[in-house]
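Worksheet for the structure shown next.
Chain naming here is simple, since letters A, B, ... match the order of the sequence lines and numbering starts at 1 in each.
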Amino acid sequence: MSEKTPLLDDEPVVATAEQVHGGSLVEVAPDDELSERASVTPLAVRRRGFGVGRWAMLAFIAPALVVYLLMVIIPSVQSLQLSFTNWDGISDGYEYVGFRNYRDILFSGRFWNAVRNTLLLGLGSALVINVVSLVMALLLDRLEHFQGFFRTAVYLPSLVSGFILATIWKYLLNFNFGSVNTILRDLGLDGWAMDWLGNSDIVVWVILFIVCFTLGGNTTLIYLANLQSVPQELVEAAKIDGANGRKVFRHVTWPMLAGAVTVNMTLAMIAGWTIFDQVMVLTAGGPGFISETMAFFIYKVGFGEYRAGYGSAAAIVLFIVVIASTVLANTYMRKREIQA
Amino acid sequence: MSPNTHTVAPHRPEAKARRTPKANGRKRWTPAEAVVAIVILALVLVVASPVFYAFLNSFRTYAEITRDPMGLPTTFNLNNYFELFQRTDYGEAILNTLIITVVTVVLLVLLVPMAAYGIERIGGRLSKFFYFLFIAGLMIPFQVRMIPLVKGFDDVGLYSTLTSVILVHLGGAASFGVLLYCSFIKGIPIEVEEAAHVDGASRLRTFWLIVFPMLLPVTSAFVIIQALGLWNDFFVPLVFLDSSSAGTINVAINRMMGLLTSQWQLIYTGAILAIIPSVVLFAAFQRYFIKGMSVGAVKG
């Protein structure tokens, strides 16, 4: 026994594992295949004799499940229920009014304006942030020196929360004392100086700009990790076949990144549909209702205007938008992923 | 295709090693590479410029800021930092934020890995059922559950307490945690646990002594992502903490902005103070950070 090589030493362990399986034939698989196998083989078959039972596992799940049900599932269902009432958010009682809230929402110009803004901010920011992140990842991937330093430098700005960033921007964009207008005036461009957050023609675009004022952070890291796992042989082969840099990207790198694009776009869109902090800080939905997003609309109507039933209906609509866009985007994007 | 298909990088360290050959130090900078480096640094500076601006202005007085918005601080004046703690509830707000962040993260690490393990090992249809039940939460925006939660907490007398904020966050983070942990636990061979079981360890011991240590990479990623998110959060405390509480950092800053004459210099100071812990956390755990974010790239 003692003369065995380390490799052979592994064997008894495997044998024990097989015995525990009640003699069922488990072929010795390399480590990376184990996961595959574990997810395919029904556990009940594999684990005879290892069953203190499902109750134990249920007990493992229970604490988190209770919190999750109480904090997420039940309130969501209650929201659905409240959306059919005229509850004001403070009084004890309410009446059921059927689909009146939904009808009111669909005929409300203010709501559709919020939907438009949400679409613009959600899709716009998802696209811009993903493009910026991909460019940053490609740049970082080109570097041979100080990779760690540059990666850190690119990540650092994203440590600042959207709320703090919006707060600083609010003062940068102040009409009288903001530095943006000050710089413009100093440059002699007085005509360009404007009330950035009070001008209803541009305010949503200003918010979009501030939401996108980032180098991507996490998104960049995900792209970078994926870029670095593109097999170099593929790139070499394409180059030998005469492909230039752009063609290599178009036909080799880009398809290999499809999975990362799906993940990043989905995450960015889910975040985008619920943009709230920036609107709350920068404009509070104003001027008038011009820059409201759906998230802000629900908050404002539910708590500020004592129309909790109406707000709940808007929340349900938001929920439907999130589900639909996530499913649609995933179906579309998964199609172009390489099945490897 | 296993669900881990897109768990990138960590499983392929050789992919990164390929790019950094040993001879790295002797390699020359090519002009193209230098240009890339300069472009990256320039972009970082541009994006970080608002923060630098706030930092510089945190040393100036209100009068100075409004007289010359682009001026530089003339003296190293920490008055704003003292004043922020003396004149406002900022100190209490920092404490509140810290409590919310730490307690939530600890509870998440106690509850979520165990639940994910249970979901993976319970087997059969129940596995699928619980998994999808939890994952569904990813698509439920906070706004959808917000109004009933306020009512519910009000009914039980917990409204405007830190407990309410912590509980709401726990529910919200459970989905992402289950997604993250489940995809990782799938890759852990069950044989190890069975061996421990044969040796007489209970399921609970097996989990905490054998399985949990193996989950460390995910746990570090999960903790960092959650801690940052909780520290930076604004919406949940805004909704659940009313004026009877000092609020969290972001809520406190927001209240300062709402005042008729907002003290710009104090707001800049508060903003800078809010960023510092994130940067410290990042500096301390940078290694796990970058790795963790790559682990986080699980297919959603």
Side-chain angles (χ1 to χ4, degrees), chain A residues 17 20 34-36 39 43-44 50 52 54 56-57 60-61 63-64 67-68 71-72 75-76 78-79 139 142-144 150 153-154 157 159-161 163-164 167-168 171 177 179 182 215 218 221-222 225-226 228-229 259 263 266 274 276-277 295 298 302 308 311-312 315 318-319 322-323 326, chain B residues 2 6 8-9 12 15-16 27 36 40 44 47-48 50-51 54 66 69-70 111-112 114-115 117-119 121-123 130 137 139-141 143-145 147-149 167-168 170-171 174 186-187 189-191 194 197 203 232 234-235 250 253 264 271 274-275 278-279 282 293-294 297 299-300:
Chain A
V20 175
L34 274 173
S35 61
E36 200 72 36
S39 57
L43 287 173
F50 186 47
V52 179
R54 294 185 155 189
M57 292 300 98
F60 274 34
I61 305 174
V67 175
Y68 176 70
M71 291 296 128
V72 180
S76 303
Q78 279 177 325
S79 226
L139 287 176
R142 288 284 298 272
L143 288 178
E144 308 267 355
F150 282 102
V154 168
L159 289 173
V160 183
S161 67
F163 171 83
I164 295 289
T167 303
I168 299 173
Y171 293 102
F177 309 121
S179 43
T182 309
L215 295 182
N218 298 346
L221 288 186
I222 293 174
N226 276 269
Q228 296 189 332
S229 60
V263 174
T266 310
T274 54
F276 172 87
D277 296 10
I298 296 164
S312 298
L318 174 67
F319 174 62
V322 171
I323 296 268
T326 311
Chain B
S2 91
H6 293 281
V8 278
R12 321 190 30 173
K16 234 175 72 189
K27 244 188 174 174
V36 168
I40 291 177
V44 171
V47 170
V51 178
T66 44
M70 288 308 286
L111 297 184
V112 172
M114 215 163 72
Y117 176 79
I119 292 171
R121 294 291 185 251
I122 199 168
F130 282 124
M139 288 193 286
I140 302 178
Q143 287 79 9
V144 173
R145 55 201 179 97
I147 293 173
L149 277 175
L167 282 169
V168 170
L170 281 181
K186 276 201 182 82
I190 199 167
E191 283 75 14
E194 287 167 339
H197 183 68
R203 295 301 290 251
N232 287 335
F234 170 55
F235 201 1
N250 289 349
I253 292 177
W264 293 26
I275 296 168
S278 320
V279 176
F282 178 76
M293 291 305 166
S294 314
K299 201 160 178 170

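Put simply, of A:Thr326, A:Ile298, A:Asp277, the one with the most heavy-atom pairs under 4.5 Å next to chain B is A:Asp277. If you tally non-hydrogen atom pairs under 4.5 Å between each of B:Val112, B:Ile253, B:Leu170 and chain A, the highest count goes to B:Ile253. Taking A:Ala64, A:Ser161, A:Ala315 one by one and counting their heavy-atom pairs under 4.5 Å with chain B, the maximum is reached by A:Ser161. Looking only at heavy-atom pairs under 4.5 Å with chain A, the residue among B:Leu111, B:Val168, B:Ile147, B:Val51 that has the most is B:Ile147. Your options are B:Ala48, B:Pro50, B:Ala271, and the one with the most heavy-atom pairs under 4.5 Å with chain A is B:Pro50. Taking A:Ala308, A:Gly311, A:Gly302, A:Ala295 one by one and counting their heavy-atom pairs under 4.5 Å with chain B, the maximum is reached by A:Ala295.
Residues B:Ile190 and B:Arg121 meet the side-chain proximity criterion, which asks for heavy atoms closer than 4.5 Å. Residues B:Ser278 and A:Val160 are not in side-chain contact: their nearest non-hydrogen atoms beyond the backbone lie 4.5 Å or more apart. The shortest distance between side-chain heavy atoms of A:Met57 and B:Arg203 falls below 4.5 Å.
Between A:Met71 and B:Gly171, the shortest heavy-atom contact is CB-CA, 3.9 Å.
Between A:Phe276 and B:Phe235, the two ring planes are parallel [angle under 30°; tilted spans 30° to 60°].
For a residue to count as touching a neighbouring chain, one of its non-hydrogen atoms must lie under 4.5 Å from one of that chain's; by this rule A:Thr274 touches chain B with backbone and side chain alike. In this structure, chain A has heavy atoms under 4.5 Å from both the backbone and the side chain of B:Leu167. In this structure, the portions of A:Ser312 lying under 4.5 Å from any heavy atom of chain B include both its backbone and its side chain. With a threshold of 4.5 angstrom between heavy atoms, A:Phe163 approaches chain B through side-chain atoms but not through N, CA, C or O.
Under the side chain to side chain contact (heavy atoms under 4.5 Å, CB included) criterion, B:Ala274 pairs with A:Ile164, B:Tyr90, B:Ile249, sequence neighbours left out. Residues passing the side chain to side chain contact (heavy atoms under 4.5 Å, CB included) test with B:Val44 are A:Ala153, A:Val154, A:Pro157, A:Leu215, B:Ile40, sequence neighbours excluded.
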